[in-house]
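Report on the structure given below.
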There are 2 protein chains.
Amino acid sequence: MNSNQASSANPIGPAGAGESAPPSASSSSPTFSPLYQQIKGLITQSLESGEWKPGEIIPSEVELAARYKVSQGTVRKAIDELAADNLLVRRQGKGTFVATHNEDRAQFRFLRLLADDGVEHPHISQLLECRRLRASAEIARQLDLKPSDPVVLIKRLLQFDGEDTVLDEIWLPGGVFRGLTLERLSDYKGPLYAMFETEFGTRMIRATEKIRAVAADPTVADLLHVPPGFPLLSVERVSYTYGDRPVEVRRGWYVTTGYYYQNDLS
Amino acid sequence: MNSNQASSANPIGPAGAGESAPPSASSSSPTFSPLYQQIKGLITQSLESGEWKPGEIIPSEVELAARYKVSQGTVRKAIDELAADNLLVRRQGKGTFVATHNEDRAQFRFLRLLADDGVEHPHISQLLECRRLRASAEIARQLDLKPSDPVVLIKRLLQFDGEDTVLDEIWLPGGVFRGLTLERLSDYKGPLYAMFETEFGTRMIRATEKIRAVAADPTVADLLHVPPGFPLLSVERVSYTYGDRPVEVRRGWYVTTGYYYQNDLS
DNA sequence: AAGTGGTCTAGACCACAAG
DNA sequence: TTGTGGTCTAGACCACTTA
(Lines give C-alpha, C1' and ligand atoms only; values in the text may rest on other atoms or scores of the structure.)
Protein backbone atom coordinates (compact mmCIF):
# COMPACT_ATOMS: atom_id res chain seq x y z
CA MET A 1 0.00 0.00 0.00
CA ASN A 2 1.00 3.54 -0.55
CA SER A 3 2.29 6.09 1.88
CA ASN A 4 -1.19 7.56 1.83
CA GLN A 5 -2.94 5.35 4.30
CA ALA A 6 -6.43 6.81 4.15
CA SER A 7 -7.49 4.65 7.06
CA SER A 8 -8.03 7.28 9.69
CA ALA A 9 -6.44 10.46 8.44
CA ASN A 10 -4.67 11.59 5.32
CA PRO A 11 -1.19 13.12 5.37
CA ILE A 12 -2.47 16.59 6.13
CA GLY A 13 -6.04 17.11 7.26
CA PRO A 14 -9.15 16.64 5.17
CA ALA A 15 -7.38 17.96 2.07
CA GLY A 16 -10.12 19.04 -0.28
CA ALA A 17 -9.70 19.17 -4.01
CA GLY A 18 -8.98 22.17 -6.13
CA GLU A 19 -7.82 24.46 -3.39
CA SER A 20 -5.71 22.82 -0.71
CA ALA A 21 -3.21 20.00 -1.04
CA PRO A 22 -4.58 16.89 -2.79
CA PRO A 23 -5.01 13.82 -0.62
CA SER A 24 -3.59 11.37 -3.12
CA ALA A 25 -0.29 9.54 -3.02
CA SER A 26 2.94 11.40 -2.52
CA SER A 27 4.45 12.48 -5.83
CA SER A 28 6.99 10.33 -7.62
CA SER A 29 6.18 7.41 -5.37
CA PRO A 30 7.58 4.24 -6.92
CA THR A 31 4.53 2.19 -5.98
CA PHE A 32 1.50 4.30 -6.67
CA SER A 33 -1.91 3.06 -5.63
CA PRO A 34 -5.05 5.13 -6.19
CA LEU A 35 -7.03 6.14 -3.15
CA TYR A 36 -10.10 4.20 -4.21
CA GLN A 37 -8.00 1.05 -4.46
CA GLN A 38 -6.85 1.54 -0.91
CA ILE A 39 -10.45 2.07 0.16
CA LYS A 40 -11.38 -1.07 -1.72
CA GLY A 41 -8.75 -2.92 0.28
CA LEU A 42 -10.05 -1.55 3.58
CA ILE A 43 -13.61 -2.55 2.74
CA THR A 44 -12.41 -6.00 1.71
CA GLN A 45 -10.68 -6.33 5.07
CA SER A 46 -13.94 -5.54 6.85
CA LEU A 47 -15.70 -8.14 4.74
CA GLU A 48 -13.05 -10.76 5.43
CA SER A 49 -12.94 -10.03 9.15
CA GLY A 50 -16.69 -10.49 9.36
CA GLU A 51 -17.47 -6.95 10.42
CA TRP A 52 -20.22 -7.08 7.80
CA LYS A 53 -21.57 -10.58 7.23
CA PRO A 54 -23.10 -12.07 4.05
CA GLY A 55 -26.58 -10.74 3.48
CA GLU A 56 -26.11 -7.79 5.81
CA ILE A 57 -26.17 -4.17 4.78
CA ILE A 58 -22.96 -2.17 4.94
CA PRO A 59 -22.76 1.51 5.95
CA SER A 60 -23.99 4.03 3.41
CA GLU A 61 -21.60 5.72 1.03
CA VAL A 62 -21.64 8.97 3.01
CA GLU A 63 -20.90 7.13 6.25
CA LEU A 64 -17.98 5.29 4.69
CA ALA A 65 -16.72 8.50 3.14
CA ALA A 66 -16.68 10.11 6.59
CA ARG A 67 -15.07 7.05 8.13
CA TYR A 68 -12.24 6.93 5.63
CA LYS A 69 -11.98 10.70 5.31
CA VAL A 70 -12.45 10.71 1.54
CA SER A 71 -15.15 11.98 -0.75
CA GLN A 72 -18.29 10.01 -1.53
CA GLY A 73 -17.18 9.65 -5.15
CA THR A 74 -14.06 7.80 -4.07
CA VAL A 75 -15.85 5.21 -1.93
CA ARG A 76 -18.39 4.95 -4.76
CA LYS A 77 -15.69 3.88 -7.17
CA ALA A 78 -14.35 1.38 -4.64
CA ILE A 79 -17.81 -0.09 -4.12
CA ASP A 80 -18.38 -0.15 -7.87
CA GLU A 81 -15.45 -2.48 -8.32
CA LEU A 82 -16.41 -4.66 -5.37
CA ALA A 83 -19.89 -4.99 -6.84
CA ALA A 84 -18.38 -5.91 -10.19
CA ASP A 85 -16.37 -8.59 -8.37
CA ASN A 86 -19.59 -9.97 -6.88
CA LEU A 87 -18.53 -9.18 -3.34
CA LEU A 88 -21.19 -6.52 -2.81
CA VAL A 89 -24.67 -5.97 -4.22
CA ARG A 90 -26.13 -2.52 -4.64
CA ARG A 91 -29.87 -1.94 -4.29
CA GLN A 92 -31.07 1.50 -5.22
CA GLY A 93 -32.99 3.22 -2.49
CA LYS A 94 -32.10 0.53 0.05
CA GLY A 95 -28.35 0.33 0.40
CA THR A 96 -25.35 -1.86 -0.36
CA PHE A 97 -25.30 -5.46 0.86
CA VAL A 98 -22.72 -8.18 1.28
CA ALA A 99 -23.22 -10.75 -1.45
CA THR A 100 -24.24 -14.25 -0.42
CA HIS A 101 -24.57 -17.67 -1.98
CA ASN A 102 -27.90 -18.14 -0.26
CA GLU A 103 -30.79 -16.16 -1.64
CA ASP A 104 -28.87 -15.13 -4.70
CA ARG A 105 -29.82 -16.87 -7.85
CA ALA A 106 -26.08 -17.43 -7.97
CA GLN A 107 -26.58 -21.13 -8.49
CA PHE A 108 -25.95 -20.96 -12.19
CA ARG A 109 -22.82 -18.93 -11.56
CA PHE A 110 -20.92 -22.02 -10.47
CA LEU A 111 -22.89 -24.84 -12.10
CA ARG A 112 -23.34 -23.81 -15.68
CA LEU A 113 -25.38 -26.78 -16.82
CA LEU A 114 -28.44 -26.16 -18.95
CA ALA A 115 -30.90 -28.52 -20.58
CA ASP A 116 -30.85 -28.80 -24.37
CA ASP A 117 -33.78 -26.42 -24.56
CA GLY A 118 -31.66 -23.75 -22.87
CA VAL A 119 -33.62 -23.85 -19.64
CA GLU A 120 -32.02 -24.06 -16.23
CA HIS A 121 -33.41 -27.12 -14.48
CA PRO A 122 -33.43 -27.61 -10.74
CA HIS A 123 -31.39 -30.44 -9.29
CA ILE A 124 -31.17 -32.42 -6.11
CA SER A 125 -28.03 -33.61 -4.41
CA GLN A 126 -27.48 -37.16 -3.17
CA LEU A 127 -24.58 -37.50 -0.76
CA LEU A 128 -22.48 -40.63 -1.18
CA GLU A 129 -19.82 -40.16 1.46
CA CYS A 130 -17.85 -37.70 3.57
CA ARG A 131 -14.49 -38.84 4.89
CA ARG A 132 -11.46 -37.29 6.49
CA LEU A 133 -8.10 -38.35 5.16
CA ARG A 134 -4.62 -37.09 4.35
CA ALA A 135 -3.99 -34.98 1.28
CA SER A 136 -2.30 -36.58 -1.68
CA ALA A 137 0.61 -34.69 -3.16
CA GLU A 138 -1.57 -33.42 -5.97
CA ILE A 139 -4.43 -32.21 -3.76
CA ALA A 140 -1.99 -30.68 -1.29
CA ARG A 141 -0.38 -28.72 -4.07
CA GLN A 142 -3.68 -27.42 -5.35
CA LEU A 143 -4.96 -26.47 -1.88
CA ASP A 144 -1.62 -24.96 -0.87
CA LEU A 145 -1.23 -27.48 1.97
CA LYS A 146 1.57 -29.77 3.02
CA PRO A 147 1.30 -33.37 1.80
CA SER A 148 -0.52 -35.57 4.31
CA ASP A 149 -2.25 -32.57 5.85
CA PRO A 150 -5.83 -33.45 6.81
CA VAL A 151 -8.49 -32.93 4.18
CA VAL A 152 -12.19 -33.69 3.85
CA LEU A 153 -13.46 -35.65 0.85
CA ILE A 154 -17.08 -35.42 -0.18
CA LYS A 155 -18.64 -37.50 -2.92
CA ARG A 156 -22.07 -36.78 -4.24
CA LEU A 157 -24.41 -37.24 -7.16
CA LEU A 158 -26.53 -34.53 -8.72
CA GLN A 159 -29.82 -35.53 -10.27
CA PHE A 160 -31.44 -33.47 -13.00
CA ASP A 161 -35.03 -34.41 -13.74
CA GLY A 162 -34.52 -37.53 -11.67
CA GLU A 163 -31.52 -38.70 -13.70
CA ASP A 164 -28.03 -39.01 -12.27
CA THR A 165 -26.10 -36.44 -14.27
CA VAL A 166 -23.13 -35.18 -12.27
CA LEU A 167 -20.69 -37.00 -10.03
CA ASP A 168 -18.60 -34.75 -7.82
CA GLU A 169 -15.53 -35.39 -5.68
CA ILE A 170 -14.86 -32.43 -3.42
CA TRP A 171 -11.69 -31.87 -1.40
CA LEU A 172 -11.58 -29.31 1.37
CA PRO A 173 -8.80 -28.34 3.79
CA GLY A 174 -9.47 -30.15 7.06
CA GLY A 175 -8.37 -27.24 9.21
CA VAL A 176 -10.94 -24.85 7.86
CA PHE A 177 -13.78 -27.35 7.68
CA ARG A 178 -13.42 -28.87 11.11
CA GLY A 179 -16.58 -30.61 12.23
CA LEU A 180 -17.97 -31.16 8.75
CA THR A 181 -19.79 -34.47 8.74
CA LEU A 182 -22.07 -36.30 6.36
CA GLU A 183 -24.92 -35.74 8.77
CA ARG A 184 -24.43 -31.98 8.88
CA LEU A 185 -24.21 -31.98 5.11
CA SER A 186 -27.43 -33.85 4.62
CA ASP A 187 -29.23 -31.76 7.22
CA TYR A 188 -28.40 -28.54 5.45
CA LYS A 189 -30.87 -27.31 2.88
CA GLY A 190 -29.49 -25.24 0.04
CA PRO A 191 -26.36 -24.90 -2.03
CA LEU A 192 -23.10 -26.26 -0.73
CA TYR A 193 -21.38 -22.90 -1.04
CA ALA A 194 -24.13 -21.32 1.04
CA MET A 195 -23.38 -23.82 3.78
CA PHE A 196 -19.65 -23.21 3.62
CA GLU A 197 -20.41 -19.53 3.96
CA THR A 198 -22.83 -19.64 6.87
CA GLU A 199 -21.45 -22.63 8.77
CA PHE A 200 -17.71 -22.23 8.22
CA GLY A 201 -17.30 -18.56 7.41
CA THR A 202 -15.61 -19.41 4.14
CA ARG A 203 -16.90 -17.57 1.13
CA MET A 204 -16.02 -18.68 -2.41
CA ILE A 205 -15.09 -15.65 -4.46
CA ARG A 206 -13.96 -17.04 -7.77
CA ALA A 207 -12.97 -20.32 -9.38
CA THR A 208 -11.09 -21.65 -12.35
CA GLU A 209 -12.09 -24.75 -14.27
CA LYS A 210 -10.19 -27.09 -16.55
CA ILE A 211 -12.55 -28.90 -18.89
CA ARG A 212 -11.86 -32.05 -20.83
CA ALA A 213 -13.69 -34.89 -22.53
CA VAL A 214 -12.84 -38.23 -20.97
CA ALA A 215 -13.97 -41.83 -21.17
CA ALA A 216 -15.94 -43.04 -18.16
CA ASP A 217 -13.95 -45.45 -16.04
CA PRO A 218 -15.89 -48.43 -14.65
CA THR A 219 -16.50 -46.94 -11.21
CA VAL A 220 -17.77 -43.62 -12.48
CA ALA A 221 -19.73 -45.26 -15.27
CA ASP A 222 -21.52 -47.45 -12.76
CA LEU A 223 -22.57 -44.51 -10.59
CA LEU A 224 -23.79 -42.49 -13.55
CA HIS A 225 -25.53 -45.45 -15.22
CA VAL A 226 -23.60 -45.18 -18.46
CA PRO A 227 -21.47 -47.83 -20.14
CA PRO A 228 -17.74 -47.82 -19.42
CA GLY A 229 -15.90 -45.65 -21.94
CA PHE A 230 -18.87 -43.36 -22.36
CA PRO A 231 -17.79 -39.76 -23.10
CA LEU A 232 -18.09 -37.55 -20.04
CA LEU A 233 -17.28 -33.93 -19.42
CA SER A 234 -14.48 -33.73 -16.88
CA VAL A 235 -14.53 -30.48 -14.91
CA GLU A 236 -11.68 -29.83 -12.52
CA ARG A 237 -12.33 -26.77 -10.41
CA VAL A 238 -10.25 -24.86 -7.89
CA SER A 239 -12.17 -22.30 -5.84
CA TYR A 240 -10.64 -19.35 -4.05
CA THR A 241 -11.66 -17.20 -1.12
CA TYR A 242 -10.39 -13.79 0.00
CA GLY A 243 -6.77 -13.17 -0.79
CA ASP A 244 -6.89 -15.71 -3.62
CA ARG A 245 -6.42 -18.54 -1.17
CA PRO A 246 -7.54 -21.89 -2.65
CA VAL A 247 -10.09 -23.61 -0.39
CA GLU A 248 -11.72 -26.21 -2.59
CA VAL A 249 -10.76 -28.69 -5.27
CA ARG A 250 -13.62 -30.27 -7.12
CA ARG A 251 -13.57 -32.96 -9.75
CA GLY A 252 -16.79 -33.43 -11.62
CA TRP A 253 -17.97 -35.83 -14.30
CA TYR A 254 -20.94 -34.59 -16.26
CA VAL A 255 -23.23 -36.64 -18.49
CA THR A 256 -23.89 -34.25 -21.35
CA THR A 257 -26.68 -35.99 -23.17
CA GLY A 258 -29.65 -33.73 -22.82
CA TYR A 259 -27.57 -31.10 -21.04
CA TYR A 260 -24.68 -28.84 -21.93
CA TYR A 261 -22.15 -26.64 -20.23
CA GLN A 262 -22.87 -23.01 -21.08
CA ASN A 263 -20.06 -20.53 -21.48
CA ASP A 264 -20.11 -16.91 -22.58
CA LEU A 265 -17.12 -15.30 -24.23
CA SER A 266 -17.32 -11.58 -23.78
CA MET B 1 -33.95 6.22 -26.41
CA ASN B 2 -35.18 8.90 -24.15
CA SER B 3 -36.65 12.27 -24.96
CA ASN B 4 -33.27 13.68 -24.05
CA GLN B 5 -31.41 13.16 -27.28
CA ALA B 6 -28.01 14.54 -26.33
CA SER B 7 -26.83 14.19 -29.91
CA SER B 8 -26.44 17.82 -30.85
CA ALA B 9 -28.20 19.79 -28.15
CA ASN B 10 -30.00 19.08 -24.94
CA PRO B 11 -33.55 20.25 -24.30
CA ILE B 12 -32.47 23.65 -23.18
CA GLY B 13 -28.96 24.85 -23.81
CA PRO B 14 -25.77 23.56 -22.21
CA ALA B 15 -27.48 23.15 -18.86
CA GLY B 16 -24.74 23.03 -16.28
CA ALA B 17 -25.12 21.24 -12.97
CA GLY B 18 -25.83 22.75 -9.65
CA GLU B 19 -27.21 26.05 -10.83
CA SER B 20 -29.29 25.88 -13.99
CA ALA B 21 -31.65 23.17 -15.20
CA PRO B 22 -30.15 19.68 -15.24
CA PRO B 23 -29.58 18.14 -18.68
CA SER B 24 -30.81 14.71 -17.83
CA ALA B 25 -33.97 13.01 -18.93
CA SER B 26 -37.32 14.68 -18.47
CA SER B 27 -38.81 13.95 -15.08
CA SER B 28 -41.20 11.08 -14.55
CA SER B 29 -40.42 9.75 -17.99
CA PRO B 30 -41.72 6.19 -18.27
CA THR B 31 -38.60 5.01 -20.09
CA PHE B 32 -35.65 6.59 -18.37
CA SER B 33 -32.22 6.18 -19.85
CA PRO B 34 -29.17 7.81 -18.28
CA LEU B 35 -27.29 10.33 -20.38
CA TYR B 36 -24.11 8.26 -20.42
CA GLN B 37 -26.06 5.33 -21.82
CA GLN B 38 -27.27 7.48 -24.65
CA ILE B 39 -23.70 8.66 -25.27
CA LYS B 40 -22.61 5.03 -25.23
CA GLY B 41 -25.17 4.34 -27.93
CA LEU B 42 -23.98 7.24 -30.04
CA ILE B 43 -20.35 6.14 -29.79
CA THR B 44 -21.37 2.59 -30.67
CA GLN B 45 -23.12 3.93 -33.76
CA SER B 46 -19.93 5.66 -34.85
CA LEU B 47 -18.02 2.43 -34.33
CA GLU B 48 -20.54 0.41 -36.29
CA SER B 49 -20.73 2.92 -39.13
CA GLY B 50 -16.96 2.79 -39.49
CA GLU B 51 -16.36 6.42 -38.60
CA TRP B 52 -13.59 5.09 -36.37
CA LYS B 53 -12.05 1.86 -37.63
CA PRO B 54 -10.42 -0.95 -35.63
CA GLY B 55 -6.99 0.08 -34.41
CA GLU B 56 -7.64 3.77 -34.93
CA ILE B 57 -7.74 6.39 -32.20
CA ILE B 58 -11.04 8.02 -31.36
CA PRO B 59 -11.46 11.68 -30.37
CA SER B 60 -10.32 12.64 -26.88
CA GLU B 61 -12.76 12.76 -24.02
CA VAL B 62 -12.89 16.56 -24.05
CA GLU B 63 -13.60 16.59 -27.79
CA LEU B 64 -16.39 14.06 -27.44
CA ALA B 65 -17.79 15.99 -24.49
CA ALA B 66 -17.95 19.12 -26.64
CA ARG B 67 -19.43 17.19 -29.56
CA TYR B 68 -22.22 15.68 -27.50
CA LYS B 69 -22.67 18.75 -25.32
CA VAL B 70 -22.15 16.89 -22.07
CA SER B 71 -19.47 16.96 -19.40
CA GLN B 72 -16.25 14.99 -19.67
CA GLY B 73 -17.30 12.81 -16.76
CA THR B 74 -20.33 11.62 -18.67
CA VAL B 75 -18.44 10.54 -21.79
CA ARG B 76 -15.86 9.01 -19.46
CA LYS B 77 -18.49 6.74 -17.96
CA ALA B 78 -19.73 5.80 -21.43
CA ILE B 79 -16.20 4.97 -22.57
CA ASP B 80 -15.58 3.05 -19.35
CA GLU B 81 -18.40 0.67 -20.20
CA LEU B 82 -17.37 0.33 -23.83
CA ALA B 83 -13.86 -0.52 -22.69
CA ALA B 84 -15.28 -3.11 -20.29
CA ASP B 85 -17.17 -4.57 -23.25
CA ASN B 86 -13.90 -4.86 -25.19
CA LEU B 87 -15.05 -2.43 -27.86
CA LEU B 88 -12.52 0.25 -26.92
CA VAL B 89 -9.06 0.18 -25.37
CA ARG B 90 -7.77 3.01 -23.23
CA ARG B 91 -4.08 3.87 -23.19
CA GLN B 92 -3.03 6.41 -20.62
CA GLY B 93 -1.21 9.37 -22.09
CA LYS B 94 -2.01 8.30 -25.66
CA GLY B 95 -5.75 8.13 -26.11
CA THR B 96 -8.62 5.72 -26.60
CA PHE B 97 -8.51 3.24 -29.49
CA VAL B 98 -10.96 0.99 -31.26
CA ALA B 99 -10.30 -2.60 -30.21
CA THR B 100 -9.13 -5.04 -32.85
CA HIS B 101 -8.62 -8.77 -33.23
CA ASN B 102 -5.27 -8.16 -34.92
CA GLU B 103 -2.44 -7.04 -32.71
CA ASP B 104 -4.39 -7.78 -29.56
CA ARG B 105 -3.34 -10.84 -27.73
CA ALA B 106 -7.06 -11.56 -27.97
CA GLN B 107 -6.37 -15.00 -29.37
CA PHE B 108 -6.99 -16.73 -26.10
CA ARG B 109 -10.20 -14.80 -25.66
CA PHE B 110 -11.99 -17.00 -28.16
CA LEU B 111 -9.89 -20.17 -28.17
CA ARG B 112 -9.42 -21.08 -24.56
CA LEU B 113 -7.24 -24.14 -25.05
CA LEU B 114 -4.17 -24.54 -22.86
CA ALA B 115 -1.59 -27.29 -22.61
CA ASP B 116 -1.58 -29.45 -19.48
CA ASP B 117 1.26 -27.37 -18.07
CA GLY B 118 -1.01 -24.31 -18.22
CA VAL B 119 0.91 -22.66 -21.03
CA GLU B 120 -0.73 -21.19 -24.10
CA HIS B 121 0.77 -22.89 -27.12
CA PRO B 122 0.77 -21.41 -30.62
CA HIS B 123 -1.13 -23.22 -33.32
CA ILE B 124 -1.31 -23.32 -37.08
CA SER B 125 -4.44 -23.62 -39.17
CA GLN B 126 -4.84 -26.08 -42.03
CA LEU B 127 -7.74 -25.27 -44.31
CA LEU B 128 -9.68 -28.26 -45.57
CA GLU B 129 -12.40 -26.63 -47.65
CA CYS B 130 -14.49 -23.53 -48.25
CA ARG B 131 -17.81 -24.00 -50.00
CA ARG B 132 -20.91 -21.99 -50.63
CA LEU B 133 -24.20 -23.72 -50.07
CA ARG B 134 -27.73 -23.20 -48.79
CA ALA B 135 -28.42 -22.96 -45.09
CA SER B 136 -29.99 -25.91 -43.36
CA ALA B 137 -32.98 -25.18 -41.19
CA GLU B 138 -30.83 -25.39 -38.08
CA ILE B 139 -28.05 -23.11 -39.33
CA ALA B 140 -30.59 -20.65 -40.72
CA ARG B 141 -32.26 -20.46 -37.36
CA GLN B 142 -29.00 -19.81 -35.54
CA LEU B 143 -27.82 -17.19 -38.04
CA ASP B 144 -31.22 -15.54 -38.19
CA LEU B 145 -31.54 -16.28 -41.92
CA LYS B 146 -34.24 -17.86 -44.03
CA PRO B 147 -33.78 -21.56 -44.80
CA SER B 148 -31.88 -22.10 -48.05
CA ASP B 149 -30.32 -18.65 -47.85
CA PRO B 150 -26.71 -18.74 -49.07
CA VAL B 151 -24.04 -19.52 -46.50
CA VAL B 152 -20.32 -20.19 -46.54
CA LEU B 153 -18.95 -23.34 -44.93
CA ILE B 154 -15.32 -23.50 -43.88
CA LYS B 155 -13.65 -26.63 -42.55
CA ARG B 156 -10.24 -26.52 -41.00
CA LEU B 157 -7.85 -28.29 -38.67
CA LEU B 158 -5.84 -26.66 -35.94
CA GLN B 159 -2.49 -28.16 -35.05
CA PHE B 160 -0.91 -27.69 -31.66
CA ASP B 161 2.71 -28.74 -31.45
CA GLY B 162 2.32 -30.42 -34.81
CA GLU B 163 -0.61 -32.56 -33.69
CA ASP B 164 -4.11 -32.26 -35.11
CA THR B 165 -6.12 -31.12 -32.12
CA VAL B 166 -9.17 -29.17 -33.25
CA LEU B 167 -11.56 -29.69 -36.13
CA ASP B 168 -13.76 -26.72 -36.92
CA GLU B 169 -16.82 -26.33 -39.12
CA ILE B 170 -17.64 -22.67 -39.59
CA TRP B 171 -20.85 -21.30 -41.10
CA LEU B 172 -21.09 -17.69 -42.20
CA PRO B 173 -23.95 -15.76 -43.83
CA GLY B 174 -23.23 -15.63 -47.58
CA GLY B 175 -24.47 -12.09 -47.95
CA VAL B 176 -22.00 -10.61 -45.54
CA PHE B 177 -19.07 -12.72 -46.62
CA ARG B 178 -19.39 -12.32 -50.37
CA GLY B 179 -16.15 -13.11 -52.15
CA LEU B 180 -14.72 -15.29 -49.43
CA THR B 181 -12.73 -18.06 -51.06
CA LEU B 182 -10.34 -20.74 -49.91
CA GLU B 183 -7.54 -18.89 -51.65
CA ARG B 184 -8.20 -15.63 -49.85
CA LEU B 185 -8.39 -17.55 -46.60
CA SER B 186 -5.07 -19.27 -47.10
CA ASP B 187 -3.40 -16.07 -48.24
CA TYR B 188 -4.36 -14.23 -45.09
CA LYS B 189 -1.92 -14.35 -42.23
CA GLY B 190 -3.36 -14.05 -38.74
CA PRO B 191 -6.47 -14.97 -36.82
CA LEU B 192 -9.70 -15.62 -38.68
CA TYR B 193 -11.56 -12.95 -36.74
CA ALA B 194 -8.91 -10.41 -37.70
CA MET B 195 -9.56 -11.22 -41.34
CA PHE B 196 -13.33 -10.93 -40.93
CA GLU B 197 -12.74 -7.56 -39.36
CA THR B 198 -10.34 -6.06 -41.90
CA GLU B 199 -11.62 -7.74 -45.07
CA PHE B 200 -15.35 -7.85 -44.45
CA GLY B 201 -15.91 -5.12 -41.88
CA THR B 202 -17.55 -7.60 -39.53
CA ARG B 203 -16.30 -7.47 -35.97
CA MET B 204 -17.09 -10.26 -33.51
CA ILE B 205 -18.16 -8.72 -30.22
CA ARG B 206 -19.19 -11.64 -28.08
CA ALA B 207 -20.00 -15.33 -28.35
CA THR B 208 -21.79 -18.07 -26.48
CA GLU B 209 -20.63 -21.66 -26.39
CA LYS B 210 -22.40 -24.92 -25.63
CA ILE B 211 -19.94 -27.55 -24.49
CA ARG B 212 -20.46 -31.28 -24.42
CA ALA B 213 -18.49 -34.49 -24.35
CA VAL B 214 -19.23 -36.63 -27.40
CA ALA B 215 -17.95 -39.79 -29.04
CA ALA B 216 -15.95 -39.21 -32.22
CA ASP B 217 -17.86 -40.30 -35.30
CA PRO B 218 -15.83 -42.12 -38.00
CA THR B 219 -15.30 -39.04 -40.20
CA VAL B 220 -14.16 -36.77 -37.39
CA ALA B 221 -12.10 -39.52 -35.80
CA ASP B 222 -10.25 -40.05 -39.06
CA LEU B 223 -9.35 -36.39 -39.42
CA LEU B 224 -8.18 -36.08 -35.83
CA HIS B 225 -6.30 -39.41 -35.85
CA VAL B 226 -8.21 -40.88 -32.95
CA PRO B 227 -10.21 -44.10 -32.88
CA PRO B 228 -13.95 -43.90 -33.54
CA GLY B 229 -15.84 -43.39 -30.30
CA PHE B 230 -12.97 -41.50 -28.74
CA PRO B 231 -14.20 -38.81 -26.29
CA LEU B 232 -14.02 -35.35 -27.80
CA LEU B 233 -14.98 -31.96 -26.51
CA SER B 234 -17.82 -30.61 -28.63
CA VAL B 235 -17.93 -26.82 -28.70
CA GLU B 236 -20.83 -25.17 -30.46
CA ARG B 237 -20.33 -21.44 -30.74
CA VAL B 238 -22.54 -18.61 -31.97
CA SER B 239 -20.75 -15.28 -32.43
CA TYR B 240 -22.45 -11.91 -32.50
CA THR B 241 -21.54 -8.52 -33.92
CA TYR B 242 -22.99 -5.07 -33.19
CA GLY B 243 -26.63 -5.11 -32.24
CA ASP B 244 -26.35 -8.72 -31.09
CA ARG B 245 -26.73 -9.95 -34.63
CA PRO B 246 -25.42 -13.52 -35.05
CA VAL B 247 -22.83 -13.74 -37.82
CA GLU B 248 -21.07 -17.02 -37.23
CA VAL B 249 -21.89 -20.55 -36.17
CA ARG B 250 -18.93 -22.73 -35.34
CA ARG B 251 -18.84 -26.40 -34.42
CA GLY B 252 -15.57 -27.60 -33.00
CA TRP B 253 -14.26 -30.97 -31.89
CA TYR B 254 -11.32 -30.76 -29.52
CA VAL B 255 -8.93 -33.56 -28.61
CA THR B 256 -8.36 -32.92 -24.92
CA THR B 257 -5.46 -35.23 -24.21
CA GLY B 258 -2.58 -32.96 -23.32
CA TYR B 259 -4.81 -29.90 -23.57
CA TYR B 260 -7.77 -28.52 -21.69
CA TYR B 261 -10.43 -25.85 -22.07
CA GLN B 262 -9.86 -23.13 -19.50
CA ASN B 263 -12.78 -21.32 -17.94
CA ASP B 264 -12.88 -18.75 -15.16
CA LEU B 265 -15.92 -18.35 -12.95
CA SER B 266 -15.90 -14.91 -11.45
C1' DA C 1 -40.48 13.09 4.39
C1' DA C 2 -36.15 11.01 4.89
C1' DG C 3 -32.48 8.10 3.41
C1' DT C 4 -30.09 5.46 -0.08
C1' DG C 5 -27.85 4.71 -4.36
C1' DG C 6 -27.58 6.79 -9.33
C1' DT C 7 -26.51 10.56 -12.46
C1' DC C 8 -24.36 14.80 -13.91
C1' DT C 9 -21.39 18.59 -13.68
C1' DA C 10 -17.14 21.47 -13.03
C1' DG C 11 -12.66 22.01 -11.80
C1' DA C 12 -8.16 20.75 -10.10
C1' DC C 13 -4.31 17.93 -10.13
C1' DC C 14 -1.49 13.54 -11.23
C1' DA C 15 0.66 9.94 -14.25
C1' DC C 16 2.00 8.87 -18.69
C1' DA C 17 3.55 9.46 -23.54
C1' DA C 18 5.53 11.99 -27.25
C1' DG C 19 7.30 15.92 -29.66
C1' DT D 1 5.94 21.48 -22.99
C1' DT D 2 1.64 19.73 -24.44
C1' DG D 3 -2.06 16.56 -24.62
C1' DT D 4 -4.13 12.33 -23.08
C1' DG D 5 -6.39 9.44 -19.82
C1' DG D 6 -6.69 8.70 -14.45
C1' DT D 7 -7.90 10.33 -9.86
C1' DC D 8 -10.25 13.13 -6.47
C1' DT D 9 -13.38 16.37 -4.78
C1' DA D 10 -17.76 19.00 -3.92
C1' DG D 11 -22.26 19.86 -4.78
C1' DA D 12 -26.76 19.43 -6.98
C1' DC D 13 -30.47 16.81 -8.44
C1' DC D 14 -32.98 12.33 -9.78
C1' DA D 15 -34.96 7.65 -8.87
C1' DC D 16 -36.21 4.29 -5.68
C1' DT D 17 -37.55 2.48 -1.08
C1' DT D 18 -39.48 2.74 3.42
C1' DA D 19 -41.79 4.80 7.02
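Throughout, protein chains are lettered first and strands after them, A, B, ... in sequence-line order, and every chain is numbered starting at 1. Predicted model only: the values in this text are computed from it and were never measured.
- Following rounding to the nearest Å, A:Asp80 (CG) and D:dC8 (P) show an atom-to-atom distance of 13 Å.
- If you check distances only, the side chain of A:Arg76 does reach the base of C:dG6 with a donor-acceptor pair under 3.5 Å.
- Using a 3.5 Å distance cut-off with no hydrogens or angles, the side chains of B:Thr202 and B:Glu197 do not pair a donor with an acceptor.
- B:Asp168 and B:Arg237 are not joined by a salt bridge, as no carboxylate oxygen comes within less than 4.0 angstrom of a charged side-chain nitrogen.
- In this structure, B:Phe32 places its CZ atom 8 Å from P of D:dC16, rounding to the nearest Å.
- For the OP1/OP2 pair of C:dG5 and a distance below 4.0 Å, the side-chain nitrogens and oxygens of A:Lys94 include no atom meeting the criterion.
- Between D:dT9, D:dG6, C:dT4, one nucleotide has an atom nearer to the side chain of A:Ser71 than all others, and that is D:dT9.
- The listed nucleotides are D:dC8, D:dC16, D:dG5; the one nearest the side chain of A:Thr74 is D:dC8.
- When the C1' atom of C:dT7 is taken as reference, atom NZ of A:Lys77 falls 16 Å away, rounded to whole Å.
- B:Arg109 contributes no side-chain N or O that, together with a main-chain N or O of A:Leu265, makes up a donor-acceptor pair within less than 3.5 Å.
- A:Ile58 places its CD1 atom 11 Å from the C1' atom of C:dG5, with the value rounded to the nearest Å.
- Nearest-nucleotide mapping onto DNA chain D: of A:Gln92 and B:Pro59, the residue sitting toward the 5' end is B:Pro59.
- In the set C:dT4, D:dG5, D:dT9, the nucleotide with an atom closest to the side chain of A:Val62 is C:dT4.
- Nucleic acid contact for A:Glu61: sugar-phosphate only, since backbone atoms but no base atoms lie under 4.0 Å from a heavy atom of the residue.
- Looking at B:Thr208 and B:Tyr240, their side chains never bring a donor and an acceptor atom within 3.5 Å of each other.
- When rounded to the nearest whole Å, the span between CD of A:Glu81 and P of D:dG6 equals 12 Å.
- The distance between atom CZ of B:Arg90 and atom P of C:dA15, rounded to the nearest whole Å, is 18 Å.
- The distance between atom CG of B:Leu35 and atom P of C:dT9, rounded to the nearest whole Å, is 6 Å.
- A side-chain donor-acceptor contact under 3.5 Å links B:Tyr261 and A:Asn263.
- Spacing between atom CD of B:Gln72 and atom P of D:dT4 amounts to 10 Å, rounded to whole angstrom units.
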